[in-house]
Amino acid sequence: MVRWRAEISNSEVKREGQDIYILCYDNDMDVKRTAKRFEKPPHTSRQKADARIPRALDGQNKDKLHVYKVPPPPLILSATIMAYYYYQALKPHTLYCLLLFSSLLPCFIPYNNTKPSTPLIAFLESLQSTALQTLGPKDFDPKLYVDLPLKHDLPVVESAFAKLPRSANGTVPVEDLDLFIERYLGRAGTDMVLHEPSDFVADPDGFLPKVENSKVRTWALEVHSLWKNLSREVADAVRERPGLHTLLPLPGPLVVPGSRFREVYYWDSYWVIRGLLASKMYDSAKAIVNNLISLIDVYGFVLNGSRAYYSNRSQPPLLSAMVFEIFSRTGDLDFIKKCLPSLLKEHHFWNSGIHKLTFQDSQGKKHSLSRYYAMWNKPRPESATMDKESASKLQTISAKESFYRELASAAESGWDFSSRWMRDSSDLTTLVTTSVVPVDLNAYILKMELDIAFFAQITGDHSTADKFSVASQARRAAMDSIFWNNKMNQWFDYWLTDNSICEEVHMWESNNQNKKMFASNFIPVWIKPYSTDGGIVKKVMKSLQRSGLLYPAGIATSLSKTGQQWDFPNGWAPLIHMIVEGLVKSGTKEGRSMGEDIAVRWIRTNYAAYKKTGAMHEKYDVEACGESGGGGEYVPQDLAGQME
C-alpha cells in the first residue's frame, strides 16, 4: 500500500523523499515562480497524468493545469498549489482526486487518517471554553463538561446556550451559566447506574491464600470490597437516546477506574481483570472483555475509553492478555472461540497503515514494527482548553495540528505525558510521539501474536496458529535488531529522524536509539520469550540495578523530573507489575528474589499510603514510602471507596 506524507503550513509545503509529481494551476503567480524550479516529466508520463485530470477538474481551464516532477533533495513548495488542490479539485470529485493525488505522491500520509468529530462534542467543547472563561482556571476540570449528558435535543440546548448574556470577552455570569447547566444538562456520571455484581462474595474461598499477615489480609479484603462501588452499567437513557450522550452504550456491566474517570479505559482494564480474577469474579472479568470486543465490532479497534471523544485513538493493546488470563483461570474454550476473530481485527489495526513501519537493520534484513499514531489533529475534547493554551505559542495552523496529533498519540500510549516523547523535556510542544517506535508497544503486540497463535492452536485453527507463530518470531527478531542494546543490556525506543520520517524503509542507526532511562526499557522481560531466557534475564537484572530507576518505594518511571506524571519521581503499578512478574516467572532464583524485593517495596508504600489517607492512589512517589505521586494535567486521582 502506498504511504505518503506532507507537512502544510499557511505559507509553505515541505516535501521530502523520492521523486514525486505535483499538480500546478499556473494561473497563480506564486505557482509560476515555484514551477520554474521544477522539471516537467517526460511527455508520456505527463499524458498519463493529464488523462486523469479532466473529470476531476470539470469546468476549469485545463490549459493552465500542468503536472511537474519534483526532484530530490527536499523542496519548499508554495502552499497555493495545495490550496488549489484542496479547495478546487476536491470539491467536485473528492474520491477521484484523492486517488489521483495519492498515486502521484508515493510518500504521503492519507487525509482520511483523521476521525471526524460530532456536533455534540463540538457543542460541549464550546461549553467547556465558556465555563473556563467564566469560572477561571483554578480547580477547573475540562473533562467534566464533555461528560455532561443533554436533557433535550442538541438544537434546543444550542439555542438556549446562544441566548446566554455575554460580556465583551465572552464570559457569562456565573448564575446564568449554572442555571443553564441545571436546566439543559444532566450531572456527569448519571449516564451510568450502580451495578450489583452477582459474582461478588465478601470473603471468597481461596482469596489470596499466600497472604498470612492479618493486617495485610484485612487491607486486601477492604480493597476487594471496592468492586461493589466501582461496578456500573450503562443507563437505559443512553441506549434509548445515544445522541444526547458522549458515553458509548456498552452492552454489559463494567468497572470504572473511579473519581473523574467515569467510563471504561482500555489498558486499565487488564489490571482490573487481574484483580477480578484474584477476587474470583470470573463473570465480571468476561463482561469487561465482551464490552471491549463490542468496540472492535463498531470501530475496528478498542478505543482509549468508552466515550465518543475517544474514537480517534486506542491505548496499549492488552486485550489478548486479558483473554489469556481469563482462560488460564476458567479453561473456557468457547470464550476463546468468541474472542479470536476480534483479536485478529485488532492485530490488523496495529500492523497496517499509519501504525506500521519497516526497518532495515545493520545486516540488511528488513523488519516491521509498530508505533502510536492517533487519528486526530485537533485539541483533545476532554482537555481542549488545556491543549489550546499549550499550542498558543505555535505560530502556524499546521504546527498546531501536528502538536495536537502528538498530544493525542501520547494519550494513546497511556504515558500522557512524559519526557519519553519530547525532544525538549521542558517544552510540551516538542512532543514527537509519532516519531518514536516504542519498546513496550511492540512487546505488547509480540504477546498478542503469541496469544493468538496459542488460541488458534487450541481451537483447531492450525493455519492461523502457524501464521502468528511466524509473526511472533519475526517481531522478536525485529525487537532484538532495532531495540536491544548489547552494551547496556536493555531495550531502547527507536527515534525516527526528520530526514527519515517519509522513507518507506528506515535504515537502522545506533544513534537513533533513545538511551535515556525509562521503566519501559525493561517491559519485554514480562513477555515469555524473554522471561524464560535465563541469559537475557541475568543481563536485564544487572542493567536494571545499574539504571538508577530502583528506589526504596519501587521503580521510577524515568530519571527526568519534568513535572509530567509519567516521569520522576512517580512510580506506576502497571509498569512495576509487568517487570516484577517477568522477573518472578523467569525461573531463576536471582530473578525471583529481585522481583519479590521490588514487589514488597511497592506493596509497602501502597499500604502505608492507604493507612494514612484511607485511599488507594493511581501513582506513588518512589523516593518516600507512603507518599502519593503528582504532576500532570489533572489532580492526582485516588480510590477511597465511593465515586463522586
Side-chain angles (χ1 to χ4, degrees), residues 189-190 192-235 250-265 267-292 306 321-332 335 573-574 576-577 580-581 596 599-600 602-620 626 628 637-644:
T190 56
M192 287 191 184
V193 295
L194 279 168
H195 170 74
E196 185 71 31
S198 60
D199 51 357
F200 176 82
V201 177
D203 190 356
D205 290 338
F207 179 69
L208 301 180
K210 296 182 180 180
V211 177
E212 298 177 352
N213 184 291
S214 60
K215 292 182 178 179
V216 174
R217 188 167 187 82
T218 298
W219 169 48
L221 286 170
E222 288 176 5
V223 174
H224 163 76
S225 71
L226 297 179
W227 294 127
K228 295 185 297 181
N229 302 319
L230 297 174
S231 295
R232 297 284 189 277
E233 56 186 318
V234 175
L250 297 178
L254 50 93
V255 175
V256 295
S259 198
R260 74 193 288 265
F261 298 113
R262 311 172 187 90
E263 52 281 315
V264 167
Y265 283 84
W267 82 315
D268 302 55
S269 295
Y270 173 75
W271 286 277
V272 170
I273 283 175
R274 290 295 297 263
L276 289 169
L277 294 176
S279 293
K280 314 299 181 182
M281 297 172 66
Y282 304 139
D283 290 341
S284 294
K286 290 179 182 178
I288 290 176
V289 167
N290 290 334
N291 285 330
L292 300 182
S306 59
M322 302 179 208
V323 175
F324 182 87
E325 293 298 334
I326 292 172
F327 177 75
S328 297
R329 295 296 186 97
T330 67
D332 189 341
F335 181 68
I576 293 172
H577 171 256
V580 165
E581 187 164 76
E596 289 179 349
V600 168
W602 183 248
I603 292 171
R604 184 180 291 120
T605 198
N606 278 252
Y607 179 74
Y610 183 84
K611 297 302 290 184
K612 183 165 57 177
T613 66
M616 299 295 296
H617 302 267
E618 65 174 0
K619 51 187 177 278
Y620 294 86
S628 61
Q637 304 299 289
D638 59 54
L639 183 60
Q642 293 292 336
M643 287 281 289
E644 61 182 23

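- The two residues Arg329 and Ala278 make their nearest non-hydrogen contact at NH1-N, 4.1 Å.
- Within the 4.5 Å cutoff, no side-chain heavy atoms of Met322 are placed close to those of Trp267.
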For a quick test of your reading: what N or O donor-acceptor pairs under 3.5 Å do the side chains of residues 208-216 make, sequence neighbours left out?
from	atom 1	to	atom 2	distance (Å)
Asn213	OD1	Lys215	N	2.9
Asn213	OD1	Val216	N	3.1

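- Taking every heavy atom of both residues into account, Ala599 and Val580 meet most closely at CB-CG1, 3.9 Å.
- With hydrogens and angles disregarded, no donor-acceptor distance shorter than 3.5 Å links the side chain of Asp283 to the backbone of Asp199.
- With hydrogens and angles left out, the side-chain atoms of Asn606 and Tyr620 include a donor and acceptor closer than 3.5 Å.
- A side-chain N or O of Ser279 and one of Trp227 form a donor-acceptor pair less than 3.5 Å apart.
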Checking side-chain contact (heavy atoms from CB on, under 4.5 Å) for the pair Leu276/Lys280: CA distance, chi angles, key distance, verdict? CA-CA 6 Å; Leu276 289 169; Lys280 314 299 181 182; over 6 Å; no
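- Going from atom NE2 of His617 over to atom OG1 of Thr605 covers 9.5 Å, rounded to the nearest 0.5 Å.
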Taking it one step at a time, do Phe200 and His224 satisfy ring-ring contact (aromatic ring centres under 6.0 Å, His included)? CA-CA 9 Å; Phe200 176 82; His224 163 76; 4.8 Å; yes
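- Leu194 and Asn229 get closest at one heavy-atom pair: CD2-O, 4.0 Å.
- Electrostatic pairing of Glu222 and Arg217 does not count as a salt bridge here, judged by no charged N lying under 4.0 Å from a carboxylate O.
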Which is it for Leu277 and Glu325 under the side-chain contact (heavy atoms from CB on, under 4.5 Å) test, yes or no, and what are the steps along the way? CA-CA 8 Å; Leu277 294 176; Glu325 293 298 334; 3.8 Å; yes
List the steps, then state whether side-chain contact (heavy atoms from CB on, under 4.5 Å) holds for Ser269 with Leu292. CA-CA 9 Å; Ser269 295; Leu292 300 182; 4.2 Å; yes
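- For the pair Lys286 and Phe335, the cation-pi criterion (under 6.0 Å, within 45° of the ring axis) is fulfilled.
- Looking only at side-chain heavy atoms (C-beta outward), Pro251 and Asn290 stay at 4.5 Å or farther from each other.
- Of all the heavy atoms in Asn291 and Pro253, the pair that sits closest is ND2-O, 3.0 Å.
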Salt bridge (Lys or Arg N to Asp or Glu O under 4.0 Å) assessment of Glu196 paired with Lys228: CA-CA 6 Å; Glu196 185 71 31; Lys228 295 185 297 181; over 6 Å; no
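- Note that CD1 of Ile288 and CD1 of Ile273 are 5.0 Å apart. Values are rounded to the nearest 0.5 Å.
- A heavy-atom distance below 4.5 Å is not found between the side chains of Tyr282 and Asp332.
- Atom CZ of Phe324 sits about 9.0 Å away from atom OH of Tyr270, to the nearest 0.5 Å.
- How far CD of Glu618 is from CG of Asp268: 9.0 Å, rounded to the nearest 0.5 Å.
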Would you check, one step at a time, whether the test side-chain contact (heavy atoms from CB on, under 4.5 Å) holds for Val193 with Arg232? CA-CA 6 Å; Val193 295; Arg232 297 284 189 277; over 6 Å; no
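- The CG atom of Leu230 sits 9.5 Å away from atom OG of Ser225, with the distance rounded to the nearest 0.5 Å.
- The local environment of NZ in Lys612 is crowded, with over 12 non-hydrogen atoms from other residues, nucleotides or ligands closer than 6.0 Å.
- Taking every heavy atom of both residues into account, Tyr265 and Pro257 meet most closely at CD1-CG, 3.8 Å.
- In this structure, Arg262 and Val256 have side chains that are not in contact, with every pair of non-hydrogen atoms separated by 4.5 Å or more.
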